[in-house]
Amino acid sequence: MNESTFCIEMKNLASDGRQIGCRVIPFDTIDSTNTYALREGQLGDVIVADRQTLGRGRVGRTWFSEPGLGLWFTAVVAEPTEGLTFASALAVREAVADRCALQIKWPNDLLYKGKKVCGILVENRNGATAVGIGLNVHHRREDFPEELREKAGSLSSVAGGEWDRAALLRDVLNALDRKVMLLTSGGFETIRRDWADACNLIGRRIRNGALEGVVTEIDGRGAIILDTPSGVERIISGEIGFLDGD
Ligand code: BTN
C-alpha cells in the first residue's frame with residue numbers, strides 16, 4: 001500500500017541534529033502514541049499519528065483525536081526528569097509564540113482565551129519516559145464533540161490563519177529538544193521562572209477540589225502555595241479552577 005502524504009511529511013522531519021525526533025515514526029491510525037512509545041519506543045523516537053482510536057488524557061480521560069485535525073504525538077526521552085511536563089508546555093508555547101500567545105494553565109494545559117488547545121500526558125515505564133502531546137490545530141467548533149465545544153479550541157479556531165502540521169511539529173520538536181537539554185544540564189531551576197510566569201497565577205483566586213484561596217507562590221517543585229481561610233496549603237496535582245474569571 002502507498003504511504004500516505006501525512007506519513008511521508010512526518011517521516012521527513014527526522015533530524016540527526018536534534019536528539020528528540022532523530023527518528024519519527026508516523027501512523028495513519030494507532031490506538032495511542034503514548035501506548036506505542038512506552039511499549040516499543042527508543043530514546044529520541046517521536047511517534048505521531050493522524051488518528052488515535054484510544055487517545056488518552058490525564059486522570060483516565062480520553063483524548064479526542066480525529067484525523068486531519070491535530071497533532072497527536074509522543075516523544076521518548078531519557079528518564080523521568082523533574083520539570084519535564086512544565087518544559088513540554090513551555091516548548092509548545094514557544095513554538096507558536098510568533099502567531100499566538102498561549103497561556104499555561106497550571107500545571108501544563110495550554111489555553112487561548114480560556115479554550116484548551118493543547119494537553120500533555122507524561123508517563124513513565126521501565127525507565128522510559130513518554131511525553132505525549134495533543135495539539136488541536138484545525139478543528140472548527142463543530143468538529144469537537146458537543147460536550148467539549150465550550151472548553152476546547154484549536155489553533156486555527158482561536159488564532160486564525162493557516163497552520164501546517166508538519167512545520168508545527170518541527171517547531172515543537174526543536175523547542176522541546178532545547179528545553180530538555182536545559183533540564184538535563186541545569187535541572188528544573190533553568191525553566192522554572194519562565195514556566196511560572198507563563199502560568200500567571202500569583203494573586204489569583206482559585207479552587208482545587210474542596211480548597212479555595214489565593215495563590216501566593218509557586219515553589220521550587222512547581223507546587224502551588226495557596227493561602228486559604230484555614231491556613232496555607234500546598235497543591236501538587238489536580239485540576240484548578242479560577243474563581244476570579246478566566
Ligand atoms: C490531557 O488530558 O490534557 C492530556 C492529553 C494528552 C493527549 C496526547 S495525544 C498524543 C498522546 N497519546 C495519547 O494517548 N495521549 C497523548
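Just so you know, ligand 1 is whichever comes first in the structure, and atom 1 is the first atom listed for that ligand.
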With a 4.0 Å cut-off on heavy atoms, is Gly55 touching ligand 1? yes
Just checking, any donor-acceptor pair under 3.5 angstrom between side chains of Asn124 and Thr129? yes
Pair Thr35-Arg56, side-chain hydrogen bond (donor to acceptor under 3.5 Å, both in side chains): steps then yes or no: CA-CA 9 Å; Thr35 304; Arg56 291 189 280 112; 3.0 Å; yes
From atom 16 (C) of ligand 1, work out which of Lys105, Glu239, Arg56 has a heavy atom at the shortest distance. Arg56
Ranked by distance from atom 8 (C) of ligand 1, the top protein heavy atom is Gly134 N, 3.6 Å
At what distance is the nearest protein heavy atom to atom 10 (C) of ligand 1, and which residue and atom is it? Thr33 OG1, 3.3 Å
Starting from atom 3 (O) of ligand 1, locate the nearest protein heavy atom and write down its residue, its atom name and how far away it is, to 0.1 Å. Lys116 NZ, 2.6 Å
Identity and distance of the protein heavy atom lying nearest atom 2 (O) of ligand 1: Arg58 N, 2.7 Å
With Arg204 as the cation and Trp106 as the aromatic partner, state whether NZ or CZ is under 6.0 Å from the six-membered ring centre and within 45° of the axis. no
Starting from atom 5 (C) of ligand 1, find the nearest protein heavy-atom neighbour and note its residue, name and distance. Trp63 CE3, 3.4 Å
Nearest protein heavy atom to atom 9 (S) of ligand 1, by residue and atom, and its distance? Gln52 NE2, 3.4 Å
How about Glu146: does its CD atom have over 12 heavy atoms from other parts shown lying under 6.0 Å from it? no
Under 3.5 Å donor-acceptor, Ser185 side chain and Met181 backbone: yes
